[in-house]
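Each remark here refers to the structure printed beneath this line.
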Amino acid sequence: RGNGQTLSVKLVSSFGVLLLEPTFVGGMGNIAEAEIIVDGDTVHGEELRLSVGEHQVQISHRCYETVSFTANMNVGSKVSFDQKISPLMGGLEMDVLLDGKPVIRSLYANGEQIGETPFLGTAPVCAKVQIGPRMMNVPIKLKANETIKWTYKESQDLRDERDGKIYKTVVVGEQTW
């Protein structure tokens with residue numbers, strides 16, 4: 001109150017910072033899309049201020065394995081979580097029929113070849129699945145820990161979108177003409 005006294009206060013942080021910088025293998029997600037739970041409470045952000053002590057952290061994403069870890073925080077500390085997070089995998093059993101007869105076609109997940117038909121294996125649940133030399137999209141939704149069976153049917157009859165007429169095609173190797 002104007003009596004010439006000065007008050008000096010030194011502020012000291014009482015928290016540490018947790019930096020969330022995981023690598024989502026396969027690039028089908030990021031930390032902004034993930035659900036982050038700290039000590040049972042949902043939080044948001046890549047840089048979290050946490051009180052001093054031990055904290056239980058869980059990172060969940062619809063396309064990836066859930067990761068849980070303990071973060072030990074000290075006053076003023078910076079702790080980084082920069083581990084790789086693996087994609088959730090789903091089973092796929094796939095065949096291709098050309099006019100009712102089995103044929104061999106290359107199978108792709110996110111643009112990388114994962115095998116040929118007939119195929120029995122796994123792929124990331126959020127992968128874009130494609131088949132054949134023209135990498136035609138396969139309209140399937142893989143599910144974690146389940147095997148989806150799919151038969152892709154091709155025909156030697158092809159409707160040309162330019163003139164609307166139906167033409168016979170011929171298959172040479174993996175190419176359709």
Side-chain angles (χ1 to χ4, degrees), residues 15-51 54-74 76-98 102-154 161 171 173-176:
F15 60 86
V17 175
L18 174 61
L19 300 171
L20 298 176
E21 303 169 322
T23 299
F24 288 88
V25 176
M28 297 172 290
N30 59 56
I31 195 69
E33 299 168 340
E35 178 182 31
I36 304 161
I37 298 174
V38 177
D39 298 329
D41 296 319
T42 300
V43 297
H44 302 282
E46 297 175 32
E47 190 170 306
L48 307 174
R49 290 182 177 186
L50 300 177
S51 61
E54 192 174 272
H55 299 275
Q56 300 305 313
V57 181
Q58 179 176 301
I59 301 172
S60 301
H61 189 286
R62 65 183 180 83
C63 300
Y64 288 87
E65 298 284 343
T66 296
V67 175
S68 299
F69 62 95
T70 301
N72 291 307
M73 306 308 294
N74 295 311
S77 66
K78 276 195 175 184
V79 176
S80 291
F81 176 81
D82 58 0
Q83 304 297 309
K84 290 181 180 180
I85 301 179
S86 298
L88 280 172
M89 302 299 279
L92 177 59
E93 183 176 340
M94 187 163 186
D95 295 300
V96 176
L97 300 178
L98 175 62
V103 292
I104 296 171
R105 293 286 184 263
S106 295
L107 187 63
Y108 303 88
N110 292 331
E112 293 186 28
Q113 187 171 354
I114 59 172
E116 292 182 332
T117 60
F119 180 83
L120 178 58
T122 60
V125 296
C126 291
K128 180 178 180 180
V129 178
Q130 298 168 306
I131 191 130
R134 292 182 287 162
M135 297 180 77
M136 303 291 289
N137 290 331
V138 178
I140 60 172
K141 295 280 186 201
L142 297 176
K143 297 178 182 177
N145 305 315
E146 287 185 36
T147 298
I148 301 295
K149 294 180 181 182
W150 183 264
T151 298
Y152 190 82
K153 296 177 183 173
E154 294 181 354
E161 64 258 2
V171 177
E174 282 215 356
Q175 296 185 358
T176 303

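These numbers were taken from a predicted model, which means no experiment stands behind them.
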Straight-line distance of [X] [atom1] to [Y] [atom2], nearest 0.5 Å:
| X | Y | atom1 | atom2 | result |
| --- | --- | --- | --- | --- |
| Q130 | Y152 | CD | OH | 10.0 Å |
| E65 | K84 | CD | NZ | 15.5 Å |
| M94 | W150 | CE | CH2 | 7.5 Å |
| C126 | L88 | SG | CG | 7.5 Å |
| H55 | N72 | NE2 | CG | 8.5 Å |

Side chain proximity check, [X] to [Y], heavy atoms < 4.5 angstrom:
| X | Y | answer |
| --- | --- | --- |
| L107 | V129 | yes |
| L97 | P102 | yes |
| S80 | E21 | yes |
| T66 | Q58 | yes |
| I131 | S106 | no |
| T147 | L92 | no |
| I59 | I85 | yes |
| I36 | T42 | no |

Taking all heavy atoms of [X] and all of [Y], pick out the closest pair and write down the distance.
| X | Y | answer |
| --- | --- | --- |
| P22 | I31 | CG-CD1, 3.9 Å |
| A144 | V125 | N-CG1, 3.4 Å |
| G91 | L142 | O-CD2, 3.7 Å |
| G132 | Y108 | O-CE1, 3.4 Å |

| said: Quick check on side chain to side chain contact (heavy atoms under 4.5 Å, CB included): which of V43, L19, V17 does L48 satisfy it with? | reply: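 In the set V43, L19, V17, the residue that makes a side chain to side chain contact (heavy atoms under 4.5 Å, CB included) with L48 is V43.
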
For the pair [X] (side chain) and [Y] (backbone), establish whether a donor and an acceptor sit closer than 3.5 Å, ignoring hydrogens and angles.
| X | Y | result |
| --- | --- | --- |
| E112 | A109 | no |
| N30 | E33 | yes |
| T117 | R105 | yes |
| N110 | K128 | yes |
| Y64 | M28 | yes |

>> Does N145 have more than 12 heavy atoms from other residues, nucleotides or ligands lying within 6.0 Å of its CG?
In response: no

> Will you find, in the side chains of D39 and Q56, an N or O donor that is under 3.5 Å from an N or O acceptor?
Replying inline: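 Q56 and D39 do not have a side-chain donor-acceptor pair below 3.5 Å.
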
Q) When you check the side-chain N and O atoms of E35 and H61, is any donor under 3.5 Å from an acceptor? A) no

Using the side chain to side chain contact (heavy atoms under 4.5 Å, CB included) rule, take T70 and V57 through it: C-alpha gap first, then chi angles, then the decisive distance, then the call. CA-CA 6 Å; T70 301; V57 181; over 6 Å; no

